[in-house]
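Heads up, the thing below is written out as structure tokens.
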Protein chains: 2
Amino acid sequence: MDKKYTIKDIAQMAGVSKGTVDRVLHNRGKVSPAALEKINEVLNVIDYEPNLIARNLKSTKVYRICVLLPDPVFDPYWLPCVNGIQDAIKEFKAYNVNIEIHYFNPESTKSFLKTNEAIVAQSPDAVLLTPLFHKETIEIIKQYDELGIMVNTFNNQVESSSIKSFVGQDLYKSGRVAASLMNLILPKGQIAIIHIDESLKNAVHMQEKERGFRSYFDEKNLSDFSLTTLKLKYSNIETKLPAFINENPGLSGIFITTSKAYQIASTLSNITDEKIVLIGYDLIDKNVSFLNQGLIHFLIHQNQKRQAYLGVSTLVEHFLFRKDIPETILLPIDIINVENASFYIS
Amino acid sequence: MDKKYTIKDIAQMAGVSKGTVDRVLHNRGKVSPAALEKINEVLNVIDYEPNLIARNLKSTKVYRICVLLPDPVFDPYWLPCVNGIQDAIKEFKAYNVNIEIHYFNPESTKSFLKTNEAIVAQSPDAVLLTPLFHKETIEIIKQYDELGIMVNTFNNQVESSSIKSFVGQDLYKSGRVAASLMNLILPKGQIAIIHIDESLKNAVHMQEKERGFRSYFDEKNLSDFSLTTLKLKYSNIETKLPAFINENPGLSGIFITTSKAYQIASTLSNITDEKIVLIGYDLIDKNVSFLNQGLIHFLIHQNQKRQAYLGVSTLVEHFLFRKDIPETILLPIDIINVENASFYIS
DNA sequence: CATAAAAATGTGCTCGAACACACATTTTTT
DNA sequence: AAAAAATGTGTGTTCGAGCACATTTTTATG
């Protein structure tokens, strides 16, 4: 009963030509009520699904998708994204899709705006954004909206009615996951939450993680714990972290809300032999190296590669196969330790 | 420079007809040395990739793939597999592929053999097997091999040169992951490894997990631990487990090598208030329920859904797009606790 | 009622690969 | 020397959807 019907089949069954069937299916042109009814009758009985292969063979329209990504040269955090996008490019190269990556300097709002202009100039069908800068993103999105360019986002969440979709992780929950792991290793003690950032562009990101982390301990009502927040910059870790350790000799755990746990691990290994539990984010090489050395206990995998891949592939499948684009795709919060890390590194 | 060339383009460039180009590309029919050289010259310069869409549109060949799966009625463990396969069916329904699931009773080798016969009678192009019964699987595979039916396996690994591919998890490593988590919670104490099985059909599965689990503690040279292995059957858990707990009052952790951790959790909650750490496998409803209650600490996610999906999709992509089938695909060993479980449940 | 305008419907070509078939040329056989 | 076989090459059709254009039918208007 799973026979595949073609437009020709329907035309024959309804006693009309395939042109008329086509007009009914696509609401194009005029069709007499009589013909409409005959065709609808057939359509109600059978289960017509257009052959996507044939459709995409015919169509000469080339869909253009631009990806706006921070240049991995400035931060290796973004490297997996490039791989994810290249996977998507490879997968869809048989189709009429053109996917381009445009890089910007994550330290510079100017670079962000300039690269956006370059993309706008190309007037693609859709853009996948990494909305690092909130204010600028809102501006840019307005522009895209006016030009009828579809906007998807990933990694960072920005509220805007013009955004079709977001791919990322529930940061609040990921903070809770980190907390649950910390609590498992440390039944009590002082724990620091460290934010490492130069420009506060990840401020919301980090705050959500902290909120989740704290909520876990709040709920548990664990009076055995004391939580301290510490904000560091790349440039002052070497001086401020040792000072902080000195001031807090009872410190037993650190939760790092960015991918820079390796910086803490590295500095820490130079100044103390005490075992401080480190939990951080992302499987970048340096983090994995400290994980293997036992200096980082857990990493939470944000799977940027898959985020980027899904961001692109949902767009492509929307254009090619008319699939719906989900408003939000939340990737699982993968818990990584030294034993299972190798399976997540691609 | 990424222009897509067609056979017609090549024909024109080489000054021959598309028929001759086709003969060169597919080694069919005779071609004069002169024509061959001209065409090869063109092919060396450009980067020809046949349009897969056009190829699959033309081909009328319907590929038939049968999946041999234990009936989820007997064990809910297999339910996610059905979903994974249905995902694959949905994804490829536009193509000429016919995917059928055939169920057998996992308690009965007879049922396994009988269902296999039914599949053989259909003479599909490929079969995806769940090789529960080792001896019978080897026999069956021989039969498939003689008939030229391609065999892929998932979940259970069976050594055979006739098997094209295996999708699953590294069980030894998953045992190690479980051990590392156990060690994190328990700095010392007595730990039991419990195998729950009726027919020992999973014997190899469980042994590998135990081997990995023990290897972790062996390596660490942790003399503070003592590991005991206990084999239970579904029917005698209620009597034997309490007896075991009585005999071993110092027991502080249990590693359950199958998806039946919920049975242990349930029995345990009736006989003792002591906090015993439980680590098991698989996100089946009952396990997740005990995870949420805090009676199970960790579950290792074997992701059967994805295993089944990948088993089918690699086959389909092999037939449709001539992709290589990887010999082994090892899925990551996902660590699940109460905080991140929801993201893995589909 | 004629005729233009509008509405409805059918025909035919395209996309690119695959392959059957027809035809031409050369080689081999009797 | 004619017939038969082998070899080389080009042409044309197919797959199904999409769409432009041609054709037919209906309706409106003087």
Side-chain angles (χ1 to χ4, degrees), chain A residues 2-40 42-43 46-63 92-98 319-323, chain B residues 2-40 42-43 46-63 92-97 319-322:
Chain A
D2 51 350
K3 173 174 166 22
K4 279 184 205 147
Y5 293 93
T6 71
I7 285 188
K8 223 168 115 188
D9 293 332
I10 299 171
Q12 202 172 5
M13 286 188 259
V16 295
S17 76
K18 69 195 181 88
T20 307
V21 176
D22 179 75
R23 273 181 283 270
V24 171
L25 288 172
H26 295 88
N27 295 323
R28 81 166 122 253
K30 302 280 177 167
V31 174
S32 69
L36 180 67
E37 206 199 331
K38 274 190 292 180
I39 292 168
N40 273 332
V42 175
L43 287 176
I46 67 157
D47 194 22
Y48 174 68
E49 293 266 353
N51 184 323
L52 301 178
I53 306 170
R55 171 184 291 165
N56 284 304
L57 175 62
K58 168 61 177 125
S59 88
T60 49
K61 157 90 180 150
V62 175
Y63 293 98
F92 296 113
K93 73 158 178 263
Y95 299 89
N96 292 323
V97 203
N98 185 286
F319 288 130
L320 293 181
F321 309 131
R322 313 196 180 178
K323 281 197 188 170
Chain B
D2 51 348
K3 171 170 167 25
K4 280 184 205 145
Y5 293 93
T6 69
I7 286 188
K8 223 167 114 188
D9 294 331
I10 299 172
Q12 202 172 3
M13 286 188 260
V16 295
S17 75
K18 67 197 178 89
T20 307
V21 175
D22 179 74
R23 273 181 283 271
V24 171
L25 288 172
H26 295 87
N27 293 323
R28 79 165 124 255
K30 304 282 176 168
V31 174
S32 69
L36 180 67
E37 206 199 331
K38 275 191 292 182
I39 293 170
N40 273 333
V42 175
L43 287 177
I46 67 158
D47 194 23
Y48 174 68
E49 293 264 354
N51 184 323
L52 302 177
I53 305 169
R55 173 183 287 165
N56 284 303
L57 175 62
K58 171 62 177 119
S59 86
T60 49
K61 157 91 180 150
V62 175
Y63 293 98
F92 297 113
K93 72 158 179 264
Y95 299 89
N96 292 324
V97 203
F319 288 130
L320 292 182
F321 309 131
R322 311 192 183 182

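Hydrogens, waters and symmetry mates play no part in the numbers below; they use all other heavy atoms, side chains included. Just so we're on the same page: letters track the sequence lines, and every chain starts at 1.
For A/S17 and C/dG10, the shortest distance from a side-chain N or O to OP1 or OP2 is below 4.0 Å. Remark: A/T20 is not in phosphate contact with C/dT9, judged by side-chain N or O atoms under 4.0 Å from OP1 or OP2. Distances shorter than 4.0 Å separate some side-chain N or O of A/S32 from OP1 or OP2 on C/dT9. Listed pair A/Y5 / D/dA17 fails the phosphate criterion, with no side-chain N or O lying under 4.0 Å from OP1 or OP2. A sub-4.0 Å separation between OP1 or OP2 of C/dA17 and a side-chain N or O of B/Y48 is present. Look at A/H26 and you'll find a side-chain N or O under 4.0 angstrom from OP1 or OP2 of D/dG18.
Considering only heavy atoms from C-beta on, A/R322 comes within 4.5 Å of A/R55 through its side chain.
Toward the 5' end of DNA chain C, the nearer of the two residues A/V31 and A/K18, judged by each one's closest nucleotide, is A/V31.
Ion pair A/D22/A/R28 flagged as a salt bridge, since at least one NZ, NE, NH1 or NH2 atom sits closer than 4.0 Å to an Asp/Glu carboxylate oxygen.
When heavy atoms are screened at a 4.0 angstrom cut-off, B/N51 is found touching the sugar-phosphate backbone but no base atom. Across all strands shown, A/I7 has heavy atoms under 4.0 Å from sugar-phosphate atoms exclusively, and none from any base.
A distance-only check finds no donor-acceptor pair linking the side chain of A/N40 to the backbone of A/E37 [under 3.5 Å].
The interatomic distance linking B/K8 (NZ) with D/dG12 (P) rounds to 13 Å, in whole Å. We find that CD1 of B/I10 is positioned 12 Å from P of C/dG16, with the value rounded to whole Å. When the P atom of D/dA17 is taken as reference, atom CG of A/L52 falls 9 Å away, rounded to whole Å. Atom pair B/K38:NZ and D/dG10:C1' shows a separation of 13 Å (rounding to whole Å applied). The distance between atom CG of B/D22 and atom P of D/dG8, rounded to the nearest whole Å, is 16 Å. If you measure from atom CG of B/L57 to atom C1' of C/dC19, you get 14 Å, rounded to the nearest angstrom. Atom CZ in A/R28 sits about 9 Å away from atom C1' in D/dA17, given to the nearest Å. D/dG8 atom P lies 13 Å from atom CD1 of B/I39, rounded to whole Å.
Taking a 6.0 Å sphere around NZ of B/K61, one finds it holds more than 12 heavy atoms contributed by other residues, nucleotides or ligands.
Among A/I46, A/I39, A/V21, the single residue meeting the side chain to side chain contact (heavy atoms under 4.5 Å, CB included) criterion with A/M13 is A/I46. Just one residue in the list B/L52, B/I53, B/N51 forms a side chain to side chain contact (heavy atoms under 4.5 Å, CB included) with A/Y95, and that residue is B/I53.
Within 3.5 Å, a donor on the side chain of B/R23 pairs with an acceptor on the base of D/dG10, or the reverse. Evaluation of atom-type donor-acceptor distances gives no pair under 3.5 Å for the side chain of A/K61 against the base of D/dG18. In the interface, the side chain of B/K58 is not paired with the base of D/dG16 through any donor and acceptor atom under 3.5 Å apart.
Proximity note for B/K30 (side chain, C-beta onward) versus D/dG8, C/dG16, C/dT9: the nearest is D/dG8.
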